[in-house]
J.: 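Attaching a single structure in structure tokens format; questions to follow.
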Amino acid sequence: MVKNYSIAIDGPSASGKSTVAKLVAKKLGFVYIDTGAMYRAFTYAVILNGLNPENEEEASSLVNKIDINFSDENKILLNGKDVSREIRDNLVANNVSFIASYKQIRLFLVDLQRKIASNKNVVMDGRDIGTYVLKDANLKIFQVASVEERSKRRYLENKEKGIDTTYDDCYKNITTRDYIDSHRAFCPLEPAKDSIEINTTEMTIDEVVDAILVEAKKKGIN
Ligand code: DC
């Protein structure tokens, strides 16, 4: 039987997980799976359907009724339509933590995540990958950075994408999401016991990627 490898990268919002995870996946020839994009796509669907993201019952009514997947080019698809741009809007960013705190929605998306990851070598990033989604991942990274650095990164990233936000908007959004993500009852953001913490505040992207590749090599992943 061919062995599949999985690398889990967890950490708070804007700690640079997706940039790093994409590059690590590329270097290793693995598939990259952005689970945050899936929670965002669900949130976008809730808004599109005129449902209230703060109402668990209303939002959860879309479980099993919508299709969330990735295209061959790794674009996030909601019912077959590319929504990569829409899921980065402020309205989605400000509501996604509510959606991610609802158990039924998490179970629905975790199931999809495990299906997408089955029979593939993957790098998956999120909040609960090492603790829940892929508990047996070969390598678990917990990536952190100061809240100021993360707000700065998110602000610059939005600016580059033409999304209209201020540093203060990003700071507020990130601190609020940190709180909700780490205090929810089901699968809160926390490091897996067997994870390796990397503080990226003063590291370049390449340094973080190299550090992860060194850890991967130690675990025999190549
Ligand atoms: O990584 P991101 O900022 O795109 O994630 C969006 C939100 O989704 C974030 O507030 C936390 C939530 N999330 C989660 O709860 N579990 C995951 N595996 C991935 C994201």
Side-chain angles (χ1 to χ4, degrees), residues 6-22 32-47 53-54 56 59-60 63 68 70 74-76 78 83-117 122-135 137 140-145 147 149-151 153-158 161 163 165 169-192 195 200:
S6 51
I7 298 179
I9 304 183
D10 289 301
S13 298
S15 54
K17 298 180 304 287
S18 57
T19 309
V20 164
K22 241 179 254 170
Y32 164 59
I33 303 168
D34 176 359
T35 62
M38 298 173 78
Y39 286 92
R40 286 167 179 268
F42 199 107
T43 306
Y44 182 58
V46 168
I47 295 166
E54 292 188 47
E56 179 166 1
S60 303
V63 165
I68 293 176
F70 292 93
N74 225 4
K75 301 276 186 214
I76 181 82
L78 171 63
V83 291
S84 321
R85 171 70 185 71
E86 292 82 346
I87 63 163
R88 301 290 153 197
D89 283 348
N90 275 339
L91 192 56
V92 171
N94 292 335
N95 284 294
V96 63
S97 278
F98 298 118
I99 297 300
S101 69
Y102 303 148
K103 187 171 179 180
Q104 245 192 305
I105 296 178
R106 293 200 74 82
L107 291 175
F108 171 61
L109 293 180
V110 167
D111 194 44
L112 287 176
Q113 288 153 14
R114 289 184 177 149
K115 276 189 192 130
I116 298 171
V122 296
V123 179
M124 191 181 272
D125 79 353
R127 304 293 188 289
D128 58 342
I129 311 307
T131 52
Y132 190 75
V133 182
L134 302 176
K135 273 200 204 97
K140 300 179 183 179
I141 301 291
F142 197 75
Q143 199 168 307
V144 297
V147 67
E149 177 64 23
R150 290 187 285 129
S151 307
R153 288 181 193 166
R154 182 51 51 88
Y155 169 66
L156 294 174
E157 188 186 312
N158 283 351
K161 287 181 182 154
I163 298 169
T165 39
D169 287 338
C170 296
Y171 187 92
K172 256 185 242 147
N173 177 252
I174 283 172
T175 43
T176 308
R177 282 208 284 151
D178 279 358
Y179 184 85
I180 303 177
D181 291 345
S182 47
H183 286 82
R184 64 176 172 239
F186 184 58
C187 284
L189 168 68
E190 59 183 358
S195 64
T200 71

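Remember, it's 1-based here, ligands and their atoms both numbered in the order they're listed.
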J.: According to side-chain contact (heavy atoms from CB on, under 4.5 Å), who are the partners of Asp89, at least two apart in sequence or on a separate chain?
T.: Arg85
J.: Kindly write out the residues that satisfy side-chain contact (heavy atoms from CB on, under 4.5 Å) with Thr165, not counting sequence neighbours, or none if the list is empty.
T.: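 Asn90, Asn158, Asp169, Cys170.
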J.: Take atom NZ of Lys75 as the centre, draw a 6.0 Å sphere, and report whether it contains more than 12 heavy atoms from other residues, nucleotides or ligands.
T.: no
J.: Between Arg127 and Ser182, do the side chains contain an N or O donor and an N or O acceptor separated by less than 3.5 Å?
T.: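 No, because no side-chain N or O of Arg127 sits under 3.5 Å from a partner of the opposite role on Ser182.
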J.: Assess the residue pair Arg40 and Arg88 against the criterion (side-chain contact (heavy atoms from CB on, under 4.5 Å)); give the C-alpha distance rounded to whole Å, side-chain angles, the decisive distance to 0.1 Å, and a yes or no.
T.: CA-CA 8 Å; Arg40 286 167 179 268; Arg88 301 290 153 197; 3.2 Å; yes
J.: Not counting sequence neighbours, which residues clear side-chain contact (heavy atoms from CB on, under 4.5 Å) with Phe186? List them please.
T.: Lys103, Arg106, Leu107, Tyr132
J.: For ligand 1, what is the set of protein residues having any non-hydrogen atom at a distance below 4.0 Å?
T.: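 Close residues (ligand 1, cut-off 4.0 Å): Thr35, Gly36, Tyr39, Arg40, Arg88, Val96, Ser97, Ala100, Arg106, Gly126, Arg127, Asp128, Ile129, Arg177, Asp181, Arg184.
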